[in-house]
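Structure record follows, encoded as structure tokens.
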Amino acid sequence: MKLNVQKTKISYPAVAVILIVALLCAGCVETGGTEEKVLRVVLNEGPDTGGSLDPANGWTGWYVHQAGIYETLFYYDADMNLMPKLASGYKQLNDTEWEIQLRENVSFHDGTKMNADAVLFSLDRVLDPSNSRSSEYSFIKDARKTGDYTIVIETNGTCTPLISSLVDPIMSIVSPNAENRDIEPVGTGPFKFVSFEPGTSLELESNPDYWGGEAKVDRVLIQYNKDSTARTMLIKSGDVDIARDPLQSEYSALKNNPDINVTSKETLRTYFLYVNGGKAPFNDTGVRQALSYAINRQEIVDTALEGVSGIPAKGVFTNTMPWNANDRIKSYEYNPEKALELFEEAGITKGEDGKLYYDGKTFTVEIQTYTKRAALQPSAEVIASELEDIGITSKVTILESAALKENALAGTYDLSLSAWNTAPIGDPDYFLSTHFLSTGSYASGWLRYSNPQVDEWILEARNEPDKEKRAELYDKIQEQMQEDAPVLPVFYANEIYALSSDVEGFVMYPNEYTIITRDIGFA
């Protein structure tokens, strides 16, 4: 097994931010004779769209929403109950029209009133065909104002996931009067933007006029650091108050540290092996199934995850997702003999040297992955070792996320180990449409996967108002996914945060859209 790593140098601005944060005392700093409460946080990833902080730009909305700058019309609470946020309620008028009532007496950070005009302005930015993700909302036909605090959204046919789709941070409500949302975000959240160093840090201050009540800290300093070792060192040294995704190998030490509280929760995130279905021999269903049988998921959890940050996966949805069909779908239990049998049927045979050969050459598999999540590299290395055990020549290549995506879209990869929150809007349509609908961005761009029957089921389920009938369709889709194996589920993640012992009010949200809230403070 070979391991290729593209090294990343730490920039001088990044070092400067780390040093500045390290100089702050535990959660407070003296400013003009008064004690200012400062929350210091290190996260594993942040905005990576060329420095833009516009929530309608790709996936940037996740990060500015997590930071407490922006809010959406609806959100999911810590128990994944759909709740109103900037909306005060909604009702379905008929099969295709939904009326949404808006919360009154809410202002943006620049003093602009949040009303129907601001909401329509925000939605139109996403629905504009020039938006890279507008196709995800092609089911919306029109959005119109029916009062200063009332809008109606009309869909193209019945669209059951409409309200839940508005939870996605790309639908964050922005001030229409903001001059440049790329560099100075203006939302309605509990924290206001101060400064941003792309790829390095984000500074916030509390919003004194927040409609939801006063925040418990005055400032928030967020570092973005892809190195899980560095994140772990920062919380152990007391240089940050909250660290996301520390090293699994340090879990026990962190738990036993009296100055640190460790919190863990099963999420909606699944770690997958994406398979390049546009490249031989991975375009053969039998080969993809064989690869799945060759993976010992329990060994990955026990070794790469230290037995603490995940459980073996069966289907694409975690057990916490209400729509999962894990009790009825085909299971790929570790079975190297079955794997070799399927490989042989596909023309991949074992030579006298014990190695597998395909088309006259050693069968070589490259696993590409990225650096942001602590579990990725060790998991990829265990998978590569398991493939080596049955004769597959394997190597692991560590890339930056942008390079990984570039290779996937170009089709220049074999397997790609990635982590996905499969139901951040609480509805199965989100993940299934992007990954398995033939026109979906990942189905067409990464997986080269297309199944007309699956397309039919996905579109039918999207338009089906009856929950039981929808569930039946999603069960069929998940069963077919197990058979076709365009992606190979590896494990379900347990999200881990390490907190200074004096931090209080922190809550983990399974859909990961919310991290920094007004309720986090110090004991």
Side-chain angles (χ1 to χ4, degrees), residues 44-45 62 66 75-82 161 164 167-168 244-245 248 251 263-274 292 295-302 304-334 369 372-376 379 383 416-436 442 447 458 461 467 470-471 473-482 485-497 507-515:
N44 55 342
E45 56 184 336
W62 282 63
Q66 288 173 343
Y75 80 109
Y76 280 99
D77 67 13
D79 297 315
M80 286 302 289
N81 298 306
L82 183 66
S164 61
V167 171
D168 192 312
R244 185 183 189 187
D245 193 27
Q248 282 81 14
Y251 183 84
T263 181
S264 176
K265 187 172 184 177
E266 190 173 339
T267 68
L268 299 167
R269 184 171 293 276
T270 302
Y271 281 64
F272 298 96
L273 277 172
Y274 285 85
S292 201
I295 298 171
N296 187 337
R297 292 164 174 81
Q298 188 63 57
E299 181 181 44
I300 295 167
V301 168
D302 291 342
L305 310 185
E306 302 286 334
V308 298
S309 57
I311 60 174
K314 191 174 184 182
V316 295
F317 291 127
T318 68
N319 296 318
T320 57
M321 168 60 167
W323 298 89
N324 81 78
N326 293 341
D327 60 340
R328 57 181 291 171
I329 60 178
K330 173 183 179 180
S331 178
Y332 286 98
E333 299 291 342
Y334 179 56
T369 192
K372 290 180 181 178
R373 297 187 177 276
L376 285 169
S379 297
I383 293 170
S416 177
L417 183 63
S418 299
W420 248 83
N421 187 319
T422 56
I425 66 166
D427 193 280
D429 181 74
Y430 174 86
F431 182 79
L432 299 180
S433 291
T434 55
H435 283 74
F436 308 128
Y442 283 82
L447 302 172
I458 290 175
K467 187 174 181 178
R470 285 191 87 207
L473 288 165
Y474 288 130
D475 285 349
K476 290 180 180 179
I477 295 167
Q478 291 174 70
E479 288 176 314
Q480 192 63 52
M481 287 308 96
Q482 288 296 95
V487 298
L488 312 181
V490 180
F491 62 88
Y492 304 136
N494 290 331
E495 186 78 78
I496 298 175
Y497 280 85
V507 175
M508 290 180 63
Y509 290 76
N511 69 345
E512 302 176 35
Y513 284 164
T514 304
I515 297 178

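Treat the numbers as computed from the prediction; the structure is a model and nothing was measured.
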Pair Arg328-Glu479, salt bridge (charged side-chain N to carboxylate O under 4.0 Å, His left out): steps then yes or no:
CA-CA 8 Å; Arg328 57 181 291 171; Glu479 288 176 314; 3.2 Å; yes

Quick check: does any side chain N or O of [X] sit under 3.5 Å from a backbone N or O of [Y], one acting as donor and the other as acceptor?
{"X": "Gln480", "Y": "Lys476", "answer": "no"}
{"X": "Thr369", "Y": "Leu417", "answer": "yes"}
{"X": "Thr318", "Y": "Arg269", "answer": "no"}
{"X": "Gln482", "Y": "Ile329", "answer": "no"}
{"X": "Asn421", "Y": "Asn511", "answer": "yes"}
{"X": "Gln66", "Y": "Glu512", "answer": "yes"}
{"X": "Ser433", "Y": "Tyr430", "answer": "no"}

Between Tyr497 and Ile515, is the side chain to side chain contact (heavy atoms under 4.5 Å, CB included) condition met? List the steps.
CA-CA 11 Å; Tyr497 280 85; Ile515 297 178; 3.4 Å; yes

[X] and [Y]: which non-hydrogen atoms are nearest, and at how many Å?
{"X": "Thr422", "Y": "Val316", "value": "CG2-O, 3.5 Å"}
{"X": "Gln478", "Y": "Trp323", "value": "NE2-O, 2.9 Å"}
{"X": "Leu268", "Y": "Ala423", "value": "CD1-O, 3.4 Å"}
{"X": "Ala374", "Y": "Asp245", "value": "N-OD2, 2.8 Å"}
{"X": "Val487", "Y": "Pro489", "value": "O-CD, 3.4 Å"}
{"X": "Ser264", "Y": "Asn494", "value": "OG-CB, 3.7 Å"}

If only side-chain N and O atoms count, and only distance matters, is there a donor-acceptor pair under 3.5 Å linking Ser309 with Gln248?
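Yes, Ser309 and Gln248 have a side-chain donor paired with an acceptor closer than 3.5 Å.
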
Is there a donor in the side chain of Arg297 and an acceptor in the side chain of Ser292, or the other way round, less than 3.5 Å apart?
yes

Go through the steps to decide whether Tyr75 and Tyr513 satisfy the test side chain to side chain contact (heavy atoms under 4.5 Å, CB included), and finish with yes or no.
CA-CA 9 Å; Tyr75 80 109; Tyr513 284 164; over 6 Å; no

Do [X] and [Y] have side-chain heavy atoms sitting under 4.5 Å apart?
{"X": "Glu45", "Y": "Trp62", "result": "no"}
{"X": "Thr514", "Y": "Tyr76", "result": "no"}
{"X": "Asp429", "Y": "Ile458", "result": "yes"}

I'd like to know whether the aromatic ring centres of Tyr442 and Phe436 sit less than 6.0 Å apart in this structure.
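Ring centres of Phe436 and Tyr442 not closer than 6.0 Å.
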
From CA spacing to verdict: side chain to side chain contact (heavy atoms under 4.5 Å, CB included), Tyr492, Met321:
CA-CA 11 Å; Tyr492 304 136; Met321 168 60 167; over 6 Å; no

Please walk me through it: do Asp427 and Arg470 pass salt bridge (charged side-chain N to carboxylate O under 4.0 Å, His left out)?
CA-CA 11 Å; Asp427 193 280; Arg470 285 191 87 207; 3.0 Å; yes

